[in-house]
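Contents: one structure, followed by commentary.
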Amino acid sequence: MSRLSPRRLLGVAAALAAVAALAVLVAGLLERGSRAGLRLTVTDAAGAVVLERGWPDADLRALAPLLPEQRPLRAQLVGLWHAAEPARVRLSLRAESAARLALDGRVVLEREADAKAAGREVEVDLPGGPRALELHAEFDAAATAVRLRVARGGEDWRGLDPFDLYPEAVDMMGAGRRGAARWLRRGSAVGLAVAAGLVLLAALRARRVDGVWPGWAVTRALPLALFVLAALLRLQAMVGRQWHADAPAWAREAAAAVGAALPDVAAFAPEPRPWIGDPYSYLLAAREPERGFYSGHVREPLFVFLVRLMLWICGGQDAAVQLASLLASALIPVALLFLGRVLGSTTAGALAGLLFALERQAIALSVEGWRDDLFTLLAVVFATAVFHAWPGVGPRRGVGLGFVGGLAALTRITSLSFVAPALLLLALRRETRRAAGVAAATCALLVAPYLFNCWRTLGDPLVSINSHTGYYRGAVGLEGSTSVGRYLATARPPWEALDVALYGLIVNPFERQWGGFDWLPVDPGPALAGLAALGALALLVTPRGRALIGLALCAVAPFAFTWDLPGGGEWRFTLVAYPFLLIAASLALVQGVALVRGGRAAIPPDWTPHRALGVAASVLALASVLLTLPALRASEATRRARLLTVPSGPRDLSFTLGRGWRWPRAQGALRVRDCAGECSLRIPRADRAQVLRLRVGPAGAAEVLIEAQLDGVALGGTVLKPDPERMGDWELELPPAPAPGWATLELKAQAPIVLWYWSLRPG
């Protein structure tokens with residue numbers, strides 16, 4: 001047997017994992033009885049204590065959610081800072097109001113309340129052994145951002161290590177135990193990382209020997225490696241961004257180890273917990289003692305049940321709602337692995353899972369406590385179950401398919417938008433007709449009790465979705481809730497509704513992704529977007545590929561009508577499309593490599609020249625419709641005397657194409673168009689006065705004189721001034737047109753200008 005055979009590599013990995021687990025156990029035993037951190041006391045203006053507790057470090061940015069509303073307050077951190085050996089260090093104290101730091105009774109750093117600079121720095125000689133540390137700070141209004149950092153030698157700034165801080169006199173035996181525990185934990189993290197690498201190496205070697213992925217690699221090694229990687233990155237984000245001082249020692253050590261290995265992936269600035277909106281309502285619902293699983297409630301039951309389970313596991317901490325979404329997000333890469341496998345390419349599934357595990361936007365969302373991660377997970381699992389049943393399975397397999405579909409609907413009732421079409425598609429195929437019937441019955445049995453209880457107690461079986469229409473109606477100035485059907489029929493004029501729906505269904509979920517890989521030395525986002533587009537086109541020539549794309553579009557459909565409204569355009573609503581896009585990109589890459597090497601494509605295309613021509617014609621027709629609809633929508637808004645807003649971007653070609661504007665480019669979170677000096681806009685006119693508002697400014701740092709003409713008639717000019725704080729604003733009053741139609745607005749500037757968007761409203 002080869003020394004590096006897969007079996008030997010697995011044996012070494014198992015031994016390393018066992019040693020790492022033993023090291024974690026020993027570290028926990030060594031830490032017992034030893035106390036860490038500092039002692040925090042917060043008093044009010046009268047000197048009464050309002051908060052007293054242990055605090056892990058000298059960073060008070062996470063203190064805001066724990067403080068009462070009355071101000072001013074005074075905080076005091078007291079303890080011992082133990083230095084293993086003498087060193088010369090730099091200390092940095094940043095605060096928003098008065099603060100001072102004392103070591104051994106001597107003030108070494110101080111910031112006055114009226115100081116303009118937020119930070120103060122000093123270089124001191126730190127003798128070995130324990131030093132008395134006192135940090136005093138004053139809080140006025142909402143100012144709680146007090147942070148002490150240290151830098152040794154040429155190192156970067158970092159916070160004080162909790163393992164060097166003690167709330168009371170140092171027990172040297174306890175200090176030794178804690179130091180040993182720290183190194184054991186770090187060593188165990190390294191051992192687990194090496195073990196995971198050996199598992200992946202074993203899988204690769206087995207593939208090279210056997211020519212295919214071995215069964216044990218797909219069912220055991222790869223899922224475990226993807227889950228551990230995703231979970232550790234999300235745990236680091238949870239500790240650094242949300243959990244803060246409430247994180248247990250093992251979580252802080254794991255986060256520190258991950259941060260040392262991958263410092264730029266999941267490192268986020270601390271911020272208060274988002275205890276508003278949906279996460280807070282999930283937490284309240286999970287804590288209702290009288291609520292049963294199928295109780296009639298505006299919140300669907302599955303995610304609430306998962307939060308309740310996490311509350312039981314973590315002892316009732318508020319972090320339970322975030323841990324629930326974290327767990328679901330960490331399982332999505334595993335689900336992608338099996339989706340790729342059932343589609344015919346385990347390698348593509350593993351690559352898509354790895355990309356999702358490392359995606360920074362997904363990591364950030366996973367620790368905020370939303371149900372979107374669980375919804376996305378179940379959408380991917382349901383797609384896997386659909387394609388597992390695709391060749392034709394017995395009715396018993398339909399039970400599993402219906403069970404997953406029911407769980408998705410109990411997470412978000414709008415999941416029926418993709419569950420029902422998928423089951424209908426399977427019912428139309430002779431091979432899967434019986435399985436589809438069993439799946440539909442199973443799904444109905446799971447979901448019906450919840451819908452019945454909502455109807456019985458709240459008077460509306462679809463209250464979990466209909467209640468949200470009031471929020472979106474309020475965004476456009478309407479009051480009250482209504483049914484989803486009535487909302488869709490009355491909320492927008494026809495052309496506007498079609499334009500919003502198609503853009504929200506196809507373009508918005510695609511262009512909102514790809515921004516979570518910018519932490520890499522070379523951002524692969526644009527390349528992945530191109531591969532996803534090619535992969536989607538390749539999938540359209542296969543029956544299973546068309547089904548996959550249709551399922552993804554149906555999953556996004558409920559959010560396609562609200563993406564342009566306040567609160568409806570959040571990135572989390574497009575998360576469900578991301579795994580399918582990553583699968584498409586991974587399939588395109590894997591199949592491209594296979595074709596270059598002369599191998600067989602992972603998903604053999606089932607196409608004829610006529611079918612390929614039909615797909616190409618359909619794509620071109622759809623693109624034409626997407627580019628034409630903005631002009632139809634503009635005419636409709638002008639006719640109905642409604643506000644029209646046209647942002648710069650690819651879809652404003654109806655108004656800017658061939659008129660002197662350059663291709664739109666990104667500027668921050670927005671897109672802009674550049675004009676060298678002379679350009680024009682094609683705008684809709686009405687037989688009444690209108691007000692044209694141009695958000696336009698100079699491209700450089702100098703003022704620019706600009707003049708406007710409407711169909712050759714001068715409208716006047718203005719001087720555009722550079723303002724880094726906001727976009728430029730120029731309003732033009734347009735006289736009534738002889739007849740409704742289109743006109744040309746000509747702009748002449750002395751220097752290059754930038755256009756963010758333009759709007760047109762009745763005068």
Next item on the list: Could you point out which residue of L336, L551, V576 forms a side chain to side chain contact (heavy atoms under 4.5 Å, CB included) with V380?
Entry: L336
Note to self: Would you compute the distance between atom CD of Q591 and atom CG of L539 and round it to the nearest 0.5 angstrom?
What the structure shows: 7.5 Å
Notebook entry, point to check: For S325, does its backbone N or O pair with a side-chain atom of S329 as donor and acceptor, under 3.5 Å?
Noted result: no
Check: Just how far is it from atom CZ of R662 to atom CZ of R673, taken to the nearest 0.5 Å?
Finding: 12.0 Å
Notebook entry, point to check: Is a side-chain N or O of E359 found less than 3.5 angstrom from the main chain of G516, in a donor-acceptor match?
Noted result: yes
Notebook entry, point to check: If every non-hydrogen atom of I332 is compared with every non-hydrogen atom of D373, which pair is closest and at what distance?
Noted result: CD1-O, 3.7 Å
Item checked: With R572 via side chain to side chain contact (heavy atoms under 4.5 Å, CB included) - residues at least two apart -> D278, L365, W370, D372, R412, E570
Check: Would you say L302 and L378 make side-chain contact, with heavy atoms under 4.5 Å?
Finding: yes
Notebook entry, point to check: Does any donor atom in the side chain of T574 or R512 lie under 3.5 Å from an acceptor atom in the other side chain?
Noted result: no
Checklist line | Nearest atoms (heavy-atom pairs only) where P558 meets A555 | finding: CD-O, 3.5 Å
Note to self: If I compare all heavy atoms of P509 with all of A577, which pair ends up nearest, and what's the gap?
What the structure shows: CB-CB, 3.9 Å
Item checked: For I363 against A237, the heavy-atom pair lying closest together -> CG2-CB, 3.7 Å
Check: Does V500 reach the side chain of E496, with side-chain heavy atoms less than 4.5 Å apart?
Finding: yes
Next item on the list: Evaluate the side-chain proximity of L747 to W661: yes if any heavy-atom separation is below 4.5 Å, no if none is.
Entry: yes
Notebook entry, point to check: Should the heavy atoms of other residues, nucleotides or ligands under 6.0 Å from CH2 of W571 be counted, would the total exceed 12?
Noted result: yes
Next item on the list: Would you kindly say whether Y282 and R371 are connected by a side-chain donor-acceptor distance under 3.5 Å?
Entry: yes
Check: Looking only at heavy atoms, what is the nearest atom pair of A547 and L425, with distance?
Finding: CB-CD2, 3.9 Å
Next item on the list: For the pair F559 and F375, name the ring-plane relationship: parallel under 30°, tilted 30 to 60°, perpendicular over 60°.
Entry: perpendicular
Notebook entry, point to check: What distance do S586 atom OG and L581 atom CG have between them, rounded to the nearest 0.5 Å?
Noted result: 10.5 Å
Item checked: Beyond-backbone contact of P650 with R671, side-chain heavy atoms, under 4.5 angstrom -> yes
Next item on the list: Taking the side chain as every heavy atom from C-beta outward, state whether L643 and S759 have any atom pair closer than 4.5 Å.
Entry: yes
Notebook entry, point to check: Parallel, tilted or perpendicular for W742 and F655, by the 30°/60° rule?
Noted result: tilted
Item checked: Approximate separation, where rounding is to 0.5 Å, of E636 CD and R642 CZ -> 7.5 Å
Note to self: Under the rule for side chain to side chain contact (heavy atoms under 4.5 Å, CB included), what residues qualify as partners of V404, not counting sequence neighbours?
What the structure shows: V381, F382
